[in-house]
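One structure is given below, encoded as structure tokens.
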Amino acid sequence: MNPEHREEGRGGGEGELQVLQRRLADFAAARRWLPYHTPKNLVAALSVEASELVEIFQWLTPEESAQVMDSPGTAARVEDEVADVLAYLLQFCQVLGIDPAAALSAKIERNEKRFPLPDSPDRHSPE
């Protein structure tokens, strides 16, 4: 489905994620990239960008990884890759009509039921 025909937000004004999705769609449309922004292409690009983020941390110790934002150069690389991952995820969601905030909220609710607090009598261990 064409992102330009996707409904923006639910119940009124646009939220921050919808504003970013609109900016990304406008950017792609101005460059005539929308025909290439298929779910398959976007999820492949998302995977590549996530791998580039992993690459930054690949050989770091746990201690080094916790300090990665202390180095301005590395911090900038991490922020750029996070932005790339988020951009492709938001574009993917827009093309498929997924509200990413609603999807995350629903997933958290399912996980809260699936993994109750440790002092609950019906505690499940992670699979």
Side-chain angles (χ1 to χ4, degrees):
M1 185 174 278
N2 185 337
E4 293 180 323
H5 298 295
R6 204 42 87 200
E7 219 176 280
E8 295 293 337
R10 293 181 188 179
E14 287 187 330
E16 190 172 0
L17 290 180
Q18 290 83 16
V19 169
L20 293 170
Q21 285 176 309
R22 173 56 40 212
R23 286 183 65 192
L24 289 164
D26 291 346
F27 182 89
R31 288 151 183 83
R32 298 186 179 134
W33 293 349
L34 291 179
Y36 307 103
H37 284 198
T38 65
K40 179 193 79 67
N41 289 348
L42 290 168
V43 79
L46 173 60
S47 176
V48 169
E49 296 301 338
S51 294
E52 290 178 6
L53 182 59
V54 169
E55 183 179 30
I56 296 168
F57 293 85
Q58 184 174 8
W59 302 114
L60 300 180
T61 66
E63 296 77 19
E64 290 169 335
S65 71
Q67 303 301 315
V68 76
M69 299 306 284
D70 293 345
S71 165
T74 306
R77 287 180 56 214
V78 169
E79 289 176 358
D80 279 350
E81 296 308 333
V82 165
D84 289 342
V85 168
L86 184 56
Y88 281 119
L89 181 59
L90 290 176
Q91 290 173 93
F92 177 78
C93 288
Q94 186 176 29
V95 166
L96 291 181
I98 297 168
D99 178 337
L104 178 56
S105 180
K107 181 66 175 185
I108 292 169
E109 288 176 22
R110 287 193 303 277
N111 282 342
E112 287 171 341
K113 290 175 184 159
R114 186 173 173 203
F115 305 108
L117 295 175
D119 58 347
S120 293
D122 60 343
R123 178 173 162 17
H124 298 276
S125 50
E127 297 175 7

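The figures that follow rest on heavy atoms only: side chains count, while hydrogens, waters and symmetry mates do not.
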**OP:** Please say whether more than 12 non-hydrogen atoms of neighbouring residues, nucleotides or ligands are located less than 6.0 Å from CZ in Phe57.
**Re:** yes
Subject >> Exam field: side chain Ser105 to backbone Ala102, donor-acceptor pair closer than 3.5 Å >> reply: no
Subject >> Distance (rounded to the nearest 0.5 Å) between Leu86 CG and Glu49 CD >> reply: 11.5 Å
**OP:** Return the minimal non-hydrogen interatomic distance between Gln21 and Gln94, and the atom names on each side.
**Re:** O-OE1, 3.4 Å
Under 3.5 Å, which donor-acceptor pairs do the side chains of residues 70-78 form with other protein atoms, sequence neighbours left out?
residue : atom : partner : partner atom : Å
Ser71   : OG   : Thr74   : OG1          : 3.4

Original post:
At their closest point, which heavy atom of Leu42 faces which heavy atom of Tyr88, and how far apart are they?
Top reply: CD2-CD2, 3.8 Å
Original post:
So, for Leu96 and Pro39, which heavy atoms are closest and what is the spacing to 0.1 Å?
Top reply: CD2-CG, 3.5 Å
Subject >> Counterpart residues, side-chain contact (heavy atoms from CB on, under 4.5 Å), relative to Arg31 (two or more places apart) >> reply: Phe27, Trp33
Original post:
Is it true that Val95 and Leu90 fall in one hydrophobic cluster, defined by side-chain heavy atoms closer than 4.5 Å?
Top reply: no
Original post:
Do you know the tightest heavy-atom contact between Ala25 and Leu34?
Top reply: O-CD2, 4.2 Å
**OP:** Mind checking the CD-CG spacing from Glu109 to Leu104? Nearest 0.5 Å is all I need.
**Re:** 10.0 Å
Original post:
What are the two closest non-hydrogen atoms of Ile98 and Ala103, and how far apart are they?
Top reply: CG2-CB, 4.1 Å
Subject >> side-chain contact (heavy atoms from CB on, under 4.5 Å) between Leu53 and Val82, worked out >> reply: CA-CA 7 Å; Leu53 182 59; Val82 165; 4.2 Å; yes
**OP:** Count the heavy atoms belonging to other residues, nucleotides or ligands that lie under 6.0 Å from CD of Glu16, then report whether that count exceeds 12.
**Re:** no
Subject >> Pairwise side-chain contact, Pro100 with Leu17, heavy-atom cut-off 4.5 Å (strictly under) >> reply: yes
Original post:
What is the minimum heavy-atom distance between Glu64 and Trp59, and which atoms define it?
Top reply: OE1-O, 4.2 Å
Original post:
Ser51 side chain to Ser47 main-chain N or O, any donor-acceptor pair under 3.5 Å?
Top reply: yes
